[in-house]
Amino acid sequence: GCGAPAESGEAETGPIRIAFMDILTGPQALTAGDYSLKLAVDEINAAGGINGRKLEYKKFDTNITPEAAVRATNLAIEYKPSIMIGYGVSSGLRASVNAINKAGVPVIHGTLAKLTSPESLGTKLTFRLGPTTTQYALAANSYFFGDLGVKNLTIIHTQDAAPTEGAQAIIADAKAKGVTTTERAVPPTVTDLTEPVLAAKGSDAIWEWGYATTDALIVKQTAQNNVDLPIMTFSVSAAATRGLIPKDLLTDKVLSVSSCAPYVLPGERSKHFMDLYRKTYNEEPTDANAPRYYDAVYLLKAAVEKAGSSEPQKVATAIEQTTLEGACGELKADANHNLIHDVPIIKWPAGKPELAKLAEDIESDF
Amino acid sequence: MLAARDIRVRFGGVVAVDKVSLTVRDQEIVGLIGPNGSGKSTFINALTGLVPAEGSVEVDGKPVTLGRPGAVARMGVLRTFQTPQVHDELTCLENVLVGLPEWNLRTLGAAWLRRPSMMRAERGRWRGAYEALEFTGLADRASAQAGELSYGERRRLELARVYLGKPATLLLDEPAAGLNQVESQNLVRLLTEWRDAGGPALLLVEHKIDFLEELCHRMIVLELGKQIAAGEPAEVWADPRVMDAYLGSVVIDA
Amino acid sequence: MSVSRVVSEDRVPTAGGATAAVPPPPAYTAHPLRFLAILTVAALIVPFLAGESAYSTDLLNTALIHSILVLGFYWCFSLGGRFTFGVFAMYATGAYISVWAGNHLGGFWAGLLVAVLATGALGCLMQLVFARTALIFFAIVTMAIGGLLIIVFREWTSFTGGYEGLSEIATPSILGLPLDTAESRYYLILGILVLFLLATALFLRSPAARDLRMAKDKGPVAAVAGLRPKHLQLAAFGVGSAMQGAAGSLYAHNSGYFSLEAFNIDISLLVLLMLLLGGMNSMYGPVIGAVVLVYLPELLRGVQDYADFIYGVAVLVIVVAFPSGIAGLRQTVERRLRRAGSA
Amino acid sequence: MDRFVSILASGITSGAIYALIALGIVLLQNATGVINFAQGDLLTLGAYIGSFWVVSMGFGQLPMYVVVLAALFAVGVLMERVGYAPLRNRSPLTIVISTFALGLALRAVILLWQGSDPKNLPSPAGENTLNVAGAAVPYQSLITIVVTVIVGGLLFLAFQRSALGRQVRALAADREAALLQGVRVKRLSPVVFGLSAALAGLAGVLVAPIVSITPTLGFGLLLSAFAAVILGGERLGGVAFAAMLVAMAQALLGAYLSPGFIDAYPFLILVVVLALRPQGLVRMVSGVRF
Amino acid sequence: MLELKDLRVAYGHTQAVDGIGLTVGPGEAVALLGANGAGKTSTLRAISRLLPSDGELTFDGADVSRLAPEELARRGLVHVPEGRRVFASLTVHDNLLVGRTAQARRDALFSPDDVYDLFPALVPLRKRHGWALSGGEQQMVAIGRGLLASPRLLMLDEPSLGLAPIVVKAVYQALAEIKQRVSILLVEQNATLALTLCDRGYVLLSGRVVLSGAAAELGDREALLDSYLGHGGGAAGDSDDGTTEGDHRTVADPDAADATTR
Ligand SMILES: Nc1ncnc2c1ncn2[C@@H]1O[C@H](COP(=O)(O)OP(=O)(O)OP(=O)(O)O)[C@@H](O)[C@H]1O
Ligand SMILES: Nc1ncnc2c1ncn2[C@@H]1O[C@H](COP(=O)(O)OP(=O)(O)OP(=O)(O)O)[C@@H](O)[C@H]1O
Ligand SMILES: CC(C)C[C@H](N)C(=O)O
Ligand SMILES: [Mg+2]
Ligand SMILES: [Mg+2]
């Protein structure tokens with residue numbers, strides 16, 4: 001099969017196509033990503049498009065299995081996009097990399113594991129719009145160890161890929177800084193964290209890396225068991241905005257580390273995004289993907305303008321050289337094609353998110 | 001020859017068969033009777049391994065492991081059931097074929113690797129099965145599904161299955177139940193002719209007295225799992241305990 | 001034998017082997033081999049019609065691999081009478097073992113062979129240990145075993161790569177010719193599917209198939225007739241498991257990369273759905289079901305939010321109205337018409 | 001000590017939830033001879049309806065229970081009409097498959113209605129806890145346990161001791177013979193489906209305040225409930241007891257062996273028990289005699 | 001009380017019941033006789049509405065051919081089916097109590113104790129599950145269950161099947177007793193026995209009535225046997241029942257036919 005790079009000519013005059021790759025169906029489906037991508041596309045088109053060309057996008061369901069991701073990728077390539085935005089699961093992206101390479105289409109994705117670094121993937125085409133597991137770990141640890149002086153840390157994480165990798169990074173960093181750690185791995189579907197919570201009783205803080213559901217569980221169960229410690233979670237913002245955590249349990253001891261938090265970031269673009277999103281959809285963006293895909297479209301715009309072409313390969317090269325002030329902060333590709341370098345830590349006094357710290361210039365080893 | 005000694009079957013607190021011993025010699029027809037629930041079917045189930053049991057069973061002098069379905073079958077002892085057991089979705093012919101004890105060329109390996117010999121053997125078997133159906137008068141239903149048969153027809157199908165199995169000893173659980181007088185008579189004749197032609201020794205469980213009377217050489221009577229009488233039919237019928245427990249003081253008079 | 005027949009003499013097949021009067025059992029009146037040949041030829045042509053895109057080739061290969069997987073389930077369930085929810089775990093086991101053996105014992109064919117043997121043995125073990133477990137309990141216990149196997153695979157990352165997956169996978173080859181394109185692997189997978197279908201067809205036209213039916217539906221009755229019902233069911237479950245393992249192996253070597261996410265209980269559901277839709281009383285049911293349910297979601301991409309709902313309803317409709325699936329459509333319709341006519 | 005009590009309390013709470021699911025399964029199993037694989041999804045539906053009523057609509061907690069029970073009863077009746085009534089004469093496995101399909105459809109409907117974002121349902125008792133031997137036991141756990149005990153007891157009386165219960169069991173044992181005895185299948189079987197579904201819904205609104213509501217919430221709990229059904233020998237009392245056993249084993253093994261395998265313990269229990277005792281711990285009624 | 005006209009039952013292409021007409025009056029006992037496969041069971045099942053059938057079916061003067069089986073039972077047309085069909089998972093006592101369901105609002109004719117009196121063998125088995133019972137014990141439970149329904153018309157399909165002679169006697173005595181209050185439609189292989197109880201009888205062959213009349217007339221052995229064999233009633237002789245064909249003579253031997261009459 002030759003899903004070949006878009007032939008020039010027609011390709012340089014017609015609309016610029018974006019393939020949006022995400023889990024669109026099933027229990028793991030995400031919705032806000034699609035919403036914010038659409039925001040950016042509509043905004044750009046309303047302002048006349050890119051170099052006078054309209055943006056057009058189409059959604060492809062990668063689901064959670066690598067198999068489905070490959071199929072979605074193959075189909076997406078037939079759509080002849082200038083870029084693919086999305087991919088929520090590392091292994092799905094990894095499985096699709098052959099097809100991506102063959103087609104030569106750049107990808108902006110939000111996965112966080114080592115598995116999807118350009119080196120592991122063996123490609124120059126992928127860009128990571130979001131921190132890596134290492135960046136998350138280091139950023140949160142810097143707040144814990146530096147700002148709060150934590151000496152004894154309990155880490156509770158789900159057993160799947162990224163949380164396990166993240167936990168390892170946290171522990172390695174803690175060891176280097178002389179902090180003692182206790183680790184508990186639990187299944188993602190866990191419904192009872194009593195034991196890990198009790199195990200954390202002697203420590204200074206809890207680092208919980210899982211899902212919105214486990215975030216809610218840990219906050220509720222620490223409260224029930226009178227364990228009053230700072231808790232760093234991976235996505236409490238999602239749990240909080242969805243109301244999974246009772247309001248009175250949200251305090252400044254409940255923390256979260258986020259890939260992109262326009263609701264607390266001071267930048268212009270962040271405020272603009274939040275206003276636009278709230279105005280358009282009349283709700284809060286509930287997952288961290290949302291602002292990222294908004295930024296991804298603007299990154300494409302900047303790259304196409306820089307390259308003067310929507311040809312995928314040229315776009316890829318241009319992204320490497322682009323710097324963008326986005327809703328998530330400053331985006332700029334480093335040697336590992338990671339675009340984000342400042343990671344926000346958020347706290348929740350009285351149920352309202354507040355920036356606890358912006359951990360700046362956090363670099364990843366992959 | 002089938003020899004069972006001190007067979008005992010317990011279900012929790014219920015002793016359904018209590019130390020029953022019995023021998024069926026070649027060519028012999030033995031009746032096993034008794035009131036309802038006296039343990040006749042359970043006894044047969046014990047011999048054929050369908051319920052766990054204590055005691056010992058020998059076939060032609062060789063011991064049999066109890067509690068293992070099929071152990072006696074491979075030594076030439078076959079049976080029928082008091083409620084006819086056939087496969088509703090197989091044809092009558094197929095139902096009979098399943099009763100063939102010959103193992104050769106009936107395995108997965110033969111199906112894949114030894115087709116020609118397998119097919120040759122198969123054709124021979126169809127003939128045998130068809131003859132068995134003819135023997136019990138079901139030949140014209142050979143390709144009908146067994147599920148379409150009436151109660152009495154199922155009985156005959158079961159009989160055809162064991163017929164094909166050429167048993168040395170046959171245990172029949174109420175073979176005449178559900179047959180009318182004429183049909184019972186036919187069955188009597190069928191069984192005698194079969195036996196006379198070198199057929200199996202029979203152990204008969206039945207409630208039809210005339211049927212037993214015509215066939216049996218000896219009879220054994222159970223009550224509450226225990227043997228209460230044994231001997232020639234005439235002796236047994238005359239036994240007052242059998243009268244009381246089984247026949248009722250007056251024999252049914254039409 | 002000198003027993004006088006109850007039926008008049010003229011109906012007795014005359015001596016000397018004139019078996020004309022003996023109706024052959026239904027299994028021997030069908031022509032599965034001829035149909036299989038036609039199907040194979042058709043399948044050889046399909047790639048030329050489907051066009052050459054990575055997308056359509058991938059779909060074709062997936063449909064074939066799923067056909068093998070469902071055929072394995074058909075052996076366990078339709079033939080062997082043992083309902084297993086562990087298909088997804090067998091599939092995974094086949095994949096992982098095949099990759100390992102392929103890398104350590106000499107390439108794809110060694111991998112496939114070891115995977116087939118290992119999953120076959122695992123299936124036999126399961127069937128042996130739980131031989132006396134009742135039907136629905138067995139379904140549940142296979143679900144549990146599947147869950148346990150996946151947990152083992154999750155923890156044993158040195159063997160499985162866990163969620164990071166495996167990418168060092170031997171490329172299949174035939175006579176030293178590497179099959180490094182998906183197009184070429186189509187023929188490999190097709191070959192193996194046809195081989196399995198042939199094995200199934202030969203089995204169905206054998207006395208063993210008949211014995212197995214009796215064994216699975218009337219085990220004790222078969223036993224006291226002298227059959228060994230448990231042996232037969234064991235063989236069927238083993239063969240079915242081995243086919244599921246083969247499907248896993250082919251999946252692994254065809255995809256070139258996979259991770260633990262590839263295996264979850266949804267696969268067992270999908271396989272069940274495929275068999276039901278295709279028809280569980282025909283050896284072509286698995287193929288029909290797999291093909292339809294690989295392509296259907298692609299057609300439904302436009303309304304994918306409703307896909308699961310449509311599936312659920314589809315199964316209900318099939319179960320209620322077409323108990324013998326697409327393969328049995330003709331019989332079902334005929335029966336309907338007959339009933340309508342006689343009522 | 002307080003650690004042990006806390007773990008015990010969380011175990012008993014899970015046990016109560018498993019018991020409610022398992023009771024629903026057994027009720028239906030006794031009435032139809034079929035194990036309902038949609039029971040978990042019914043639980044999920046109950047939780048979502050509860051959350052919708054309380055969180056989205058802002059209505060009261062107490063009426064919520066009534067609404068959920070009524071709604072689930074209706075769904076159960078509907079299930080009977082679509083997925084069971086047309087299949088009554090077919091093999092139990094066919095009906096099992098149809099419950100599976102119903103579960104799938106139900107999950108899909110939930111997804112369409114509520115999306116994949118997790119939802120919550122606050123406890124009527126808030127986050128308050130009761131001090132038991134130094135350990136904090138949430139009121140929600142107490143509510144769950146008490147409700148389960150009451151419902152289980154009522155069910156036992158209704159099912160084991162009343163004419164209605166007898167008719168239901170007769171229906172499962174031999175539908176045709178039951179008809180010949182005048183058992184009104186067309187009224188009875190929807191009622192049983194409704195009751196069973198309502199039990200699932202109840203379990204849903206009891207478990208929801210403890211965890212978050214996701215589309216797969218119930219399906220995840222289903223296997224533990226199955227373990228209870230199998231261990232308990234398909235009798236109401238036995239099953240409730242077995243549910244406790246499974247949950248306690250899970251909680252204690254999780255606490256003292258490894259929490260990482262909490263999801264493996266019900267599997268392990270099932271596999272080990274069935275390997276040793278193919279009929280389950282308590283011998284269940286076997287249908288065949290020759 | 002019960003009246004059938006031109007009842008027909010077909011299984012696919014086989015016509016199992018081919019236009020049967022039959023009446024059972026109040027307080028009357030009627031026997032339905034015939035060889036294996038003659039269509040007796042099919043007839044009863046059609047009456048109970050378990051099988052789809054054509055023809056007229058009136059019970060108590062009302063057309064019941066559209067009624068559901070359970071409603072028919074509740075009106076008092078109670079069927080003790082072939083094959084016993086005891087509820088396996090219920091105890092003996094519970095089995096009997098389920099029988100009461102069909103009693104509906106009629107006065108009770110029988111109590112469980114009456115059944116235990118009739119079948120003393122069941123007394124120690126009260127708590128035993130249906131699946132553990134012996135064949136004959138099941139038959140007793142099935143009959144007892146039917147009696148507890150307080151039937152107005154009792155249909156029995158081979159009630160003596162598998163029962164010890166002493167119990168058969170008891171059953172027939174009981175039937176003779178209730179005959180005054182309950183009409184009976186009896187399918188029985190033991191024709192002699194059936195005709196001692198019944199006032200009238202019908203003999204079926206291949207789904208048709210080939211002989212009918214008062215019990216005394218039918219008691220004439222020759223006519224009865226002939227009709228069993230398909231020579232008496234003018235119906236086509238091609239019974240699909242092969243057993244009988246070649247054997248006419250043997251069977252007609254008066255001694256051999258002297259069935260259970262000892
Ligand atoms: N599994 C069991 N559990 C408990 N009791 C049982 C079991 N199986 C059989 N019984 C009891 O054992 C006794 C013997 O039963 P069996 O079937 O052997 O009687 P039978 O002599 O064949 O009677 P029939 O002539 O009525 O068929 C009966 O009382 C029966 O209830
Ligand atoms: N489900 C079925 N499908 C097809 N044919 C059937 C079916 N049930 C019965 N038959 C046929 O209909 C005819 C009448 O059967 P029925 O059961 O009414 O006979 P019966 O008079 O009760 O016989 P028996 O004395 O053996 O019980 C038989 O020839 C039988 O083969
Ligand atoms: C898709 C998820 C892995 C995103 C994650 N919740 C984040 O905050 O970046
Ligand atoms: Mg018996
Ligand atoms: Mg009959």
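Excluded from the calculations below are hydrogen atoms, water molecules and symmetry mates; all remaining heavy atoms, backbone and side chain alike, are included. Keep in mind it's a predicted model, so treat the numbers as computed, not measured. Naming: A, B, ... by sequence-line order, numbering from 1 per chain.
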**OP:** Using a cut-off of under 4.5 Å on heavy-atom pairs, state which of D:D117, D:L121, D:D263 scores highest against chain A.
**Re:** D:D117
Subject >> Leading residue by heavy atom contact count with chain A [cutoff under 4.5 Å; candidates D:I110, D:I210, D:T13, D:V207] >> reply: D:I210
Please classify the contact of [X] with chain D as side chain, backbone, both or neither, using a heavy-atom distance under 4.5 Å.
X	answer
A:A223	neither
A:R242	both
A:Q224	both
A:L249	side chain
A:L198	side chain
A:T191	both

**OP:** Would you indicate whether the side-chain heavy atoms of D:I49 and D:M64 approach each other to under 4.5 Å?
**Re:** no
**OP:** Would you indicate whether the side-chain heavy atoms of D:L43 and D:L217 approach each other to under 4.5 Å?
**Re:** yes
Subject >> Salt-bridge present (A:R278, A:E284; N to O < 4.0 Å) >> reply: yes
**OP:** Please state whether the side chain, the backbone, both or neither of D:P118 comes within less than 4.5 Å of a heavy atom of chain A.
**Re:** both
Original post:
NZ of D:K119: more than 12 outside heavy atoms within 6.0 angstrom?
Top reply: yes
Original post:
Looking at A:P246, A:A216, A:A238, A:G26, which makes the most heavy-atom pairs under 4.5 Å with chain D?
Top reply: A:G26
Subject >> Distance flag, aromatic centroids of A:Y294 and A:Y277, threshold under 6.0 Å >> reply: no
**OP:** Would you verify whether the NZ or CZ of A:R292 falls within 45 degrees of the ring axis of A:Y87 while also being under 6.0 Å from that six-membered ring's centre?
**Re:** no
Original post:
Any side-chain donor paired with an acceptor under 3.5 Å for A:N63 and A:T65?
Top reply: no
